[in-house]
Peer 1: 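Questions regarding the structure given below will be posed in turn.
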Amino acid sequence: MNPLRDLEKQGQSIWLDFITRQFVTDGHMKKLIQDDGLKGVTSNPTIFQKAISGGKEYDSQIHELQSQGKASEAIFEALEVQDIQQACDLFRPVYDSTQGADGFVSIEVSPRLANDTQGTLKEARHLFQAVHRPNVMVKIPGTKAGLPAIEQALGEGININITLIFALERYQAVMEAWLTGLEFASQAGKTLSSIASVASFFVSRVDSLIDGQLEKKGKSDLMGKAAIANAQLAYEMFGKIRSGARFQALAAKGARLQRPLWASTSTKNPKYRDVLYVEELIGRDTVNTLPLPTLEAFRDHGKVRASLGGDTSSATQLLEQLKAAGIDMSAVTQQLEDDGVRLFIESYDSLLKSLEAKKEALKAGAR
């Protein structure tokens, strides 16, 4: 028995939050698809920073692009696009066999554009065309500036993964932007069944921040519960949109659901079960994107049950208890969004510095 395969029976798709060129080309990713039913991949600047700076597999391409006079940003894009294309090709059979419902690989717009609507939209268009695969998703952060770009991009038929969602109110706005984008696409005569989207709702980081505040307040009994309660209420909101008249009208024209994608699902606190954010977030029409160690842990000892979609009164009560304890969820989720953007920018800048250093080393070695 493979618990990862059992998640599929519960209506949940497992994606991998990890990519390197070697992992795609040496058969490891293909084995996960065949053995574990892996159905997609997500990437971000931090993942690419580690992949490109940590080995030599990109050196020959970096050297070639450098000899053409390419700047570091252009070199990174070329490396990234090639990796994403190869992964898309690997997942194309999944995409085809599910009639376009799964098999997606995500590529992210520059984190420097998180608060730039037009810059985000321009780069989303560019990356979608550069990868040129039907199963690529462009990641746009669900910031206030990102929402109009999301609407327009979906309206143009671009597959979008909305990332860095922490707050329930922002998730509602993200779903509204998705519906508006599909309505734009419908008015423009686009084929709605070919437009895919997920909404990446971040999980463990919520506990990481709130637990620290609760510990200082002497409220240890509430620790380790906020993230799951937040996600449970998000899933309830998704259910209302799924059954609502606005989506049903679009579904009649072939539109697909925007599935909630649970992100940041590795357990940061060693006191908690290492598969906590997988076991407690199993529900129909969802995606969970797992770092490789979490995926392997769940395969080894994960327990599968339908843990989403039931009564959410305890989740609502938990948030009320947090409020009574002095936890401001609006402030927490805004801080998490700001920190998330900052950390991705730092990773991106570190990646470019690593590329500069590697370019110099390759140039010196060629002399």
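These numbers come from the heavy atoms of this one structure, side chains and all, not from hydrogens, waters or symmetry mates.
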Peer 1: How about S204 and K268: does a side-chain donor come under 3.5 Å of a side-chain acceptor?
Peer 2: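 S204 vs K268: donor-acceptor pair found between side chains.
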Peer 1: If you measure from the Lys or Arg side-chain nitrogens to the Asp or Glu carboxylate oxygens, is any gap between D116 and K122 under 4.0 Å?
Peer 2: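 No salt bridge links D116 with K122.
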Peer 1: Do S266 and T294 meet the criterion of a side-chain donor-acceptor pair at a distance under 3.5 Å?
Peer 2: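 Result is no, nothing qualifies.
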Peer 1: Would you call E80-R21 a salt bridge at under 4.0 Å N-O?
Peer 2: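 Looking at R21 together with E80, the answer is no, because their closest N to O distance does not fall below 4.0 Å.
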Peer 1: Within the distance-only criterion (no hydrogens, no angle test), does the side chain of N135 pair as donor or acceptor with the backbone N or O of C88 below 3.5 angstrom?
Peer 2: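 Yes; at least one donor-acceptor contact below 3.5 Å.
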Peer 1: Ion pair present between E8 and R5, side-chain N to carboxylate O less than 4.0 angstrom?
Peer 2: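 R5 and E8: salt-bridged.
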Peer 1: Flag the pair Y272 / Y277 as yes when at least one side-chain heavy-atom distance between them is below 4.5 Å, and no otherwise.
Peer 2: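 Yes, at least one pair of side-chain atoms sits under 4.5 Å.
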Peer 1: Kindly give the heavy-atom pair with the smallest separation between R242 and R284, and that separation in Å.
Peer 2: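 The answer is NH1-O, 4.1 Å.
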Peer 1: Answer yes if the ring centres of W15 and F91 are under 6.0 angstrom apart, and no otherwise.
Peer 2: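 When the ring centroids of W15 and F91 are compared, they turn out to be at least 6.0 Å apart.
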Peer 1: I would like to know whether Y171 and N230 meet side-chain hydrogen bond (donor to acceptor under 3.5 Å, both in side chains); could you show each step before the answer?
Peer 2: CA-CA 11 Å; Y171 180 46; N230 203 39; over 6 Å; no
Peer 1: Angle class for the W262/Y235 ring planes (parallel below 30°, perpendicular above 60°, tilted otherwise)?
Peer 2: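 Answer is tilted, since the angle falls between 30° and 60°.
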Peer 1: Consider side-chain hydrogen bond (donor to acceptor under 3.5 Å, both in side chains). Of T286, D285, D102, which one does R259 pass it with?
Peer 2: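 Testing each of T286, D285, D102 against R259, the sole residue satisfying side-chain hydrogen bond (donor to acceptor under 3.5 Å, both in side chains) is D102.
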Peer 1: If you measure from the Lys or Arg side-chain nitrogens to the Asp or Glu carboxylate oxygens, is any gap between K70 and E77 under 4.0 Å?
Peer 2: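 Salt bridge absent between K70 and E77.
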Peer 1: One thing to verify: whether E356 and K353 come together as a salt bridge, which I'm taking to mean a side-chain N less than 4.0 angstrom from a carboxylate O.
Peer 2: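 The answer is no: the pair does not qualify as a salt bridge.
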Peer 1: Please name the pair of heavy atoms, one in K359 and one in I62, separated by the smallest distance, quoted to 0.1 Å.
Peer 2: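 Smallest interatomic distance, heavy atoms only, reads CG-CG2, 4.0 Å.
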Peer 1: Does this structure show an ion pair linking R92 with D96, if we count only N-O contacts that are shorter than 4.0 Å?
Peer 2: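 Salt bridge: yes.
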Peer 1: Side chains of D17 and T42: donor-acceptor distance under 3.5 Å anywhere?
Peer 2: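 Present: a donor and an acceptor within the cut-off.
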Peer 1: Show the nearest heavy-atom pair for residues T120 and V109, with the distance to one decimal.
Peer 2: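 What the structure gives for the nearest pair is O-CG1, 4.1 Å.
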Peer 1: Find out if a path of hydrophobic residues (ILVMFWY) with successive side-chain heavy-atom gaps under 4.5 Å connects F184 to I140.
Peer 2: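 Hydrophobic grouping puts F184 apart from I140.
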Peer 1: Which residue pairs pass the salt bridge (charged side-chain N to carboxylate O under 4.0 Å, His left out) test with at least one member in residues 125-135, sequence neighbours excluded?
Peer 2: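 Qualifying pairs: D89-R133, R125-E156.
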Peer 1: Run the side chain to side chain donor-acceptor pair (under 3.5 Å) test against E108 and tell me which residues pass, sequence neighbours left out.
Peer 2: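 E108: no side chain to side chain donor-acceptor pair (under 3.5 Å) contacts found.
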